Amino acid sequence: MTANKEIKTIGVLTSGGDAPGMNAAIRAVVRRGLSRGINMKGILKGYSGLINEEIIDMTAVDVSDTIQRGGTVLYTARCAEMRTEEGQKRAAEVCRKHGIDGLVVIGGDGSFAGAQKLANLGINAVGVPGTIDLDIACTEYTIGFDTAVNTAMEAIDKVRDTSTSHERVSIIEVMGRNAGYLALWCGIANGAEDILLPEKYDYDEQRIINNIIDNRKKGKKHHIIINAEGIGHSQAMAKRIEAATGIETRATILGHMQRGGTPTCKDRVYASIMGAKAVDILLEGKTKRVICYRDGEYIDMDINEALAMKKSISEYQYEVSYSLSHNYSKNNQ
């Protein structure tokens with residue numbers, strides 16, 4: 001879709017859950033825009049800040065020494081008002097009042113839905129995928145996932161050490177909302193004995209119990225279960241497993257530590273390129289687009305098409321994770 005008019009001022013906001021690498025994207029948007037002679041505005045606290053006119057001018061100095069920082073220097077918030085027609089019209093009015101011709105929205109599907117509504121109201125908008133959940137179907141990469149999965153992986157390694165010392169079962173719950181990508185990657189990377197994904201788990205707890213007992217008979221000193229946030233209830237699960245097996249079982253919920261921390265090189269570089277690409281396509285006259293990483297390329301896609309897409313767990317990756325997590329003897333291979 002073609003933008004409504006020549007772009008002179010671009011605003012940037014981060015919306016929804018924060019993700020490591022968002023600052024790299026903000027920095028890239030600001031500096032790419034400035035390099036093209038565009039006035040740059042930072043919108044604080046996501047759509048909530050837009051509706052409340054929490055808008056600041058952004059210079060190259062404002063984004064200095066931010067690329068290595070986790071979180072978002074523009075802050076973020078959920079905004080129920082943006083889901084209403086009245087809120088959407090108010091946000092569009094604020095953009096026009098402050099001369100914001102183009103808007104870069106860094107966030108997940110909910111953030112993109114807001115950008116879609118603003119584009120429908122005449123505000124040129126482009127979405128950049130920023131979420132640790134990796135649950136945006138149009139793109140193979142989302143800002144923050146790489147850092148979050150490495151943070152979780154390192155934490156699980158540490159839990160494994162103490163789990164082995166005490167010969168325990170450890171249930172480790174990772175984030176991801178209703179998506180199992182963090183859990184799947186951690187399960188493979190950490191060599192977990194069981195991986196519970198919202199997309200695949202059949203709630204057959206007896207199968208897990210049997211697996212624990214079988215592994216203990218084979219001499220296994222620990223048993224790691226990676227549990228996705230979309231399944232949850234790790235503490236209750238631990239109590240049931242301990243009662244059924246007689247083996248001490250502990251639950252660890254990693255929580256929001258996965259959202260923070262210094263972004264990895266991948267998250268810094270990919271976020272920087274995506275941020276610059278968002279500015280470039282706005283200046284090419286495009287609107288209502290989403291920046292995606294697919295087949296090794298950074299592309300843009302229609303936001304309606306992007307939001308309509310559904311993402312599923314790779315059957316092959318899941319099958320591999322299962323085959324690698326179960327101990328096979330020569331008799332049952």
Side-chain angles (χ1 to χ4, degrees), residues 132-134 145-261 264 313-329 332-333:
I132 68 168
D133 303 330
L134 196 64
F145 176 79
D146 191 61
T147 304
V149 78
N150 275 284
T151 297
M153 179 190 72
E154 291 169 8
I156 294 164
D157 281 344
K158 292 174 171 64
V159 174
R160 178 191 287 276
D161 290 344
T162 186
S163 187
T164 303
S165 296
H166 291 269
E167 298 183 76
R168 284 178 180 149
V169 173
S170 287
I171 302 172
I172 303 163
E173 186 174 317
V174 299
M175 294 181 83
R177 290 196 304 174
N178 297 316
Y181 303 101
L182 270 168
L184 177 63
W185 281 51
C186 285
I188 295 171
N190 292 103
E193 280 68 44
D194 280 291
I195 309 167
L196 312 184
L197 310 179
E199 299 90 342
K200 297 292 184 182
Y201 186 43
D202 59 5
Y203 292 87
D204 181 2
E205 215 164 84
Q206 188 59 50
R207 181 186 60 78
I208 298 171
I209 289 164
N210 293 343
N211 196 26
I212 293 166
I213 293 169
D214 288 346
N215 281 341
R216 187 54 58 102
K217 286 177 181 176
K218 293 172 184 173
K220 194 87 171 175
K221 298 299 184 185
H222 64 257
H223 193 100
I224 301 294
I225 301 168
I226 305 298
N227 187 29
E229 180 183 18
I231 295 168
H233 305 290
S234 296
Q235 301 285 0
M237 189 187 298
K239 288 179 181 178
R240 291 193 298 270
I241 287 174
E242 183 167 327
T245 63
I247 299 169
E248 188 179 26
T249 304
R250 293 286 181 271
T252 303
I253 300 172
L254 297 184
H256 286 79
M257 67 179 291
Q258 295 159 91
R259 285 254 189 93
T264 60
I313 291 289
S314 162
E315 291 292 338
Y316 181 71
Q317 289 180 25
Y318 181 70
E319 186 275 323
V320 167
S321 75
Y322 186 87
S323 69
L324 298 183
S325 66
H326 290 72
N327 293 315
Y328 296 102
S329 67
N332 64 9
Q333 281 183 355

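Since the model is a prediction, treat every value here as computed from it, not as a measurement. Note: hydrogens, waters and symmetry copies are ignored here, and every other heavy atom, side chains too, is used.
Counting all heavy atoms, side chain and backbone alike, Ile132 lies closest to Arg259 at CD1-CG, 4.1 Å. Scanning both residues, Gly180 and Ile313, for their nearest heavy atoms gives C-CD1, 4.1 Å. Residues Ile253 and Gln235 approach most closely at CD1-NE2, 4.5 Å, considering heavy atoms. Residues Met257 and Ala155 approach most closely at CE-CB, 4.1 Å, considering heavy atoms. The heavy-atom pair separating Arg216 from Glu167 by the smallest distance is NH2-O, 3.1 Å. Taking all atoms of both residues into account, the shortest heavy-atom contact from Ile195 to Ile188 is CD1-N, 4.1 Å.
Heavy atoms of other residues, nucleotides or ligands lying less than 6.0 angstrom from CG of Asn210 number more than 12. Counting heavy-atom neighbours within 6.0 Å of Tyr203 OH, excluding the residue itself, gives a total above 12.
Counting only residues at least two apart or on different chains, no salt bridge (Lys or Arg N to Asp or Glu O under 4.0 Å) pair has a member in residues 151-161.
Between atom OG of residue Ser170 and atom CD of residue Glu248 there is a gap of 9.0 Å, rounded to the nearest 0.5 Å. For the atom pair Ile224 CD1 and Asn215 CG, the distance stands at 11.5 Å (nearest 0.5 Å). In this structure, CD1 in Ile226 is found 11.5 Å from CD1 in Ile231, a value given to the nearest 0.5 Å.
Just one of Lys221, His222, Lys220 meets the side chain to side chain donor-acceptor pair (under 3.5 Å) condition when paired with Thr164; it is His222.
A salt bridge does not link Glu319 to Lys200: none of the charged nitrogens lies less than 4.0 Å from a carboxylate oxygen.
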Determine, step by step, whether Asp194 and His223 satisfy the side chain to side chain donor-acceptor pair (under 3.5 Å) criterion, reporting the C-alpha distance in whole Å, the side-chain angles of both residues, the deciding distance to 0.1 Å, and the verdict. CA-CA 8 Å; Asp194 280 291; His223 193 100; 2.7 Å; yes
